[in-house]
Amino acid sequence: MKLWGGRFRKETDSLVNDFNSSIQFDCRLYREDIEGSIAHASMLADCGIISMEDKAQIISGLSEILAEIEAGKIEFTADHEDIHMNVEALLTEKIGEAGKRLHTARSRNDQVAVDLRLYLRREIDEIMEQILDLQQALLDQAGQHGQTVMPGYTHLQRAQPISFAQHLLAYAEQLKRDVTRLQDCRKRMNVCPLGSGALAGTTYPIDRRQTAGLLGFDAPCSNSLDGVSDRDYAVELLSDLSILMMHLSRFAEEVILWCSWEFKFIELDDAYSTGSSIMPQKKNPDVAELVRGKTGRIYGHLMGLLTTMKGLPLAYNKDMQEDKEPVFDAVDTVKMCLPVFAGMIATMRVLPENMRRAAGGGFINATDCADYLTKKGMPFRDAYTTVGNLVYYCTENGKLLEELTLPELQSISPLFREDVYEALSLEACMGQRRSFGGPAPEETGRQIEKLRQFIEEHRHG
Ligand code: ARG
């Protein structure tokens with residue numbers, strides 16, 4: 001019979017039984033469910049609501065069940081609907097009477113909310129570590145390429161010279177925001193709904209602060225209705241993961257471009273590439289493409305859960321059982337993407353000559369040429385127009401700025417001197433961009449140092 005079978009005189013239809021049950025996917029919450037129940041039982045006994053003897057039996061019974069689940073000895077059943085009732089049924093089977101007292105002053109509504117928070121809190125910690133690993137891989141590569149000149153792009157048109165380090169560090173900054181966003185999310189998630197009961201709290205003299213403390217929460221949530229209705233933390237996590245994946249996806253897109261024959265800025269390691277079943281020459285960036293592809297799936301989960309929640313009256317509604325699969329899949333997917341991405345970055349071979357060649361072709365020193373004239377006294381807007389004319393002259397005559405002779409340059413402006421050639425060298429154009437946050441090696445070195453500190457400070461919570 002069902003744990004809630006008392007009110008019923010008929011068996012549940014077998015289709016409904018399967019339809020209603022969530023054990024197929026919420027079984028992964030077994031650890032958190034047991035952890036929550038142990039805290040609840042301790043509190044009940046300390047508050048004199050159950051006896052110390054019952055508490056002891058409940059805790060040892062639950063600990064045994066935990067070990068049995070982990071040893072693969074337990075088969076859950078859809079007849080008990082979800083993880084909460086499966087565990088309770090197993091407990092009662094094991095210890096009898098005392099097991100039936102565990103659910104005093106509790107509902108599955110506060111139970112599921114506490115389980116999910118505990119579970120996601122743990123997952124956030126793991127994801128943060130993985131992001132830090134990826135950042136580390138970026139810093140290691142960036143550390144080798146402070147002097148590697150590459151074209152920086154806007155509109156995917158060559159724009160100004162930067163270093164490969166600077167480009168990688170831009171991604172490391174995005175990831176830094178992802179870590180701090182997850183930290184914020186964790187903080188807001190870290191309040192305890194246990195003791196909200198079904199929705200209206202309880203008449204028992206429970207101590208919600210105690211259970212919150214035992215489970216490592218900062219505080220009990222303030223309102224019992226909100227405690228069982230709130231899934232903001234799941235939506236917020238999906239939002240944060242969507243932003244993270246958006247970053248990985250943009251990065252993946254660049255990796256894909258960079259290893260095309262048209263760019264050839266990098267070559268992916270054999271261990272991180274795949275071949276074609278028909279074209280013998282192919283070496284494909286499947287890892288990057290899959291990360292880009294899986295991003296859509298995470299956005300989908302975010303939209304899915306937002307839509308599930310949007311029309312729900314307070315407090316609990318069964319619709320909310322639909323929160324789990326999207327967050328579980330999102331967390332699993334992100335946890336697969338991050339380490340493989342980090343491995344791909346750590347092992348890629350950078351091809352500085354190709355980057356340098358690409359940097360040489362597209363007048364990316366034109367701004368520097370205008371700055372040269374400006375520093376000699378010409379107003380910047382006039383210098384801009386003068387260099388625009390020079391670029392036009394160059395394209396008409398098949399030359400680059402640095403290939404113009406001094407008389408050619410001086411025919412456009414008498415301010416040009418021999419030192420212009422030094423000013424136009426790409427190494428100088430990149431290396432002298434020493435403004436805070438710029439691509440000059442001193443600046444990227446400073447960025448790397450800061451990021452190293454960040455990683456250190458954020459490891460292990
Ligand atoms: N399996 C349910 C869920 O995931 C647990 C809460 C059920 N509560 C209820 N009143 N039916 O949401």
Side-chain angles (χ1 to χ4, degrees), residues 1-8 11-37 39-40 62 65 69 74 76-92 102-123 189 192-202 211 215 221 223-235 237-238 301 304-332:
M1 189 164 91
K2 300 269 188 249
L3 287 179
W4 40 254
R7 192 231 172 279
F8 292 77
E11 285 295 306
T12 317
D13 184 277
S14 73
L15 275 179
V16 174
N17 215 30
D18 290 342
F19 185 65
N20 201 37
S21 76
S22 52
I23 188 65
Q24 322 81 273
F25 48 85
D26 66 19
C27 55
R28 71 159 82 186
L29 297 175
Y30 70 87
R31 224 179 349 153
E32 290 74 20
D33 195 69
I34 289 174
E35 208 179 326
S37 289
H40 183 63
L62 286 171
I65 291 168
I69 296 173
I74 301 279
F76 296 119
T77 155
D79 285 339
H80 291 311
E81 201 173 316
D82 55 25
I83 187 62
H84 325 295
M85 292 206 290
N86 267 272
V87 171
E88 191 183 328
L90 286 166
L91 181 69
T92 304
L102 171 62
H103 212 54
T104 314
R106 186 177 73 170
S107 156
R108 269 187 301 155
N109 297 350
D110 55 349
Q111 198 178 348
V112 70
V114 85
D115 290 4
L116 193 58
R117 283 178 195 251
L118 286 171
Y119 177 81
L120 294 179
R121 193 174 76 181
R122 234 175 231 142
E123 296 295 310
M189 183 184 292
C192 186
L194 198 58
S196 297
L199 74 162
T202 178
T211 39
L215 294 169
C221 62
N223 177 296
S224 63
L225 231 67
D226 181 49
V228 290
S229 317
D230 173 27
R231 293 293 182 273
D232 290 4
Y233 54 93
V235 175
L237 177 58
L238 288 175
H301 291 322
L305 186 58
L306 280 169
T307 312
T308 298
M309 296 304 295
K310 77 179 263 290
L312 299 188
L314 303 186
Y316 179 81
N317 300 269
K318 190 73 171 214
D319 315 46
M320 289 155 75
Q321 182 164 283
E322 291 293 308
D323 61 359
K324 282 167 212 67
E325 288 161 291
V327 275
F328 291 166
D329 184 70
V331 156
D332 291 348

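Start at 1 with the first residue, then count along the sequence. When a ligand or atom number is given, it counts from 1 through the structure's own listing order.
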Can you tell me which residue and heavy atom of the protein come closest to atom 11 (N) of ligand 1, and the distance to 0.1 Å? Arg108 NH2, 3.4 Å
Does Lys324 reach ligand 1 with a nitrogen or oxygen that is under 3.5 Å from one of the ligand's nitrogen or oxygen atoms? yes
What's the shortest distance from atom 8 (N) of ligand 1 to any protein heavy atom, and which residue and atom give it? Asn109 OD1, 2.9 Å
CG of Leu237 to CD of Glu123, rounded to nearest 0.5 Å, is 9.0 Å
Pairing of Lys324 and Asp82 as salt bridge, 4.0 angstrom limit: no
Regarding Arg122 and Glu35, does a basic nitrogen lie under 4.0 Å from an acidic carboxylate oxygen? yes
Identify, by atom number and element, the atoms of ligand 1 in contact range of Asp82, meaning under 4.0 Å from any of its heavy atoms. 1 (N), 2 (C), 5 (C)
N/O to N/O below 3.5 Å, does that happen between Glu81 and ligand 1? no
heavy-atom search around atom 12 (O) of ligand 1 in the protein gives Tyr316 OH, 2.5 Å
Determine whether a donor-acceptor pair (N or O, by modelled atom type, separation under 3.5 Å) exists between the side chain of Asn86 and the backbone of Thr77. yes
Heavy-atom contacts with Gln321 under 4.0 Å: which atoms of ligand 1 show up? List them by number with element. 1 (N), 2 (C), 3 (C), 4 (O), 12 (O)
If you count every heavy atom of other residues, nucleotides or ligands that lies below 6.0 Å from Lys310 atom NZ, does the total exceed 12? no
Non-hydrogen atoms of Leu238 and His301 that approach each other most closely: CD1-O, 3.6 Å
Ligand 1 atoms nearer than 4.0 angstrom to some heavy atom of Ser22 are 1 (N)
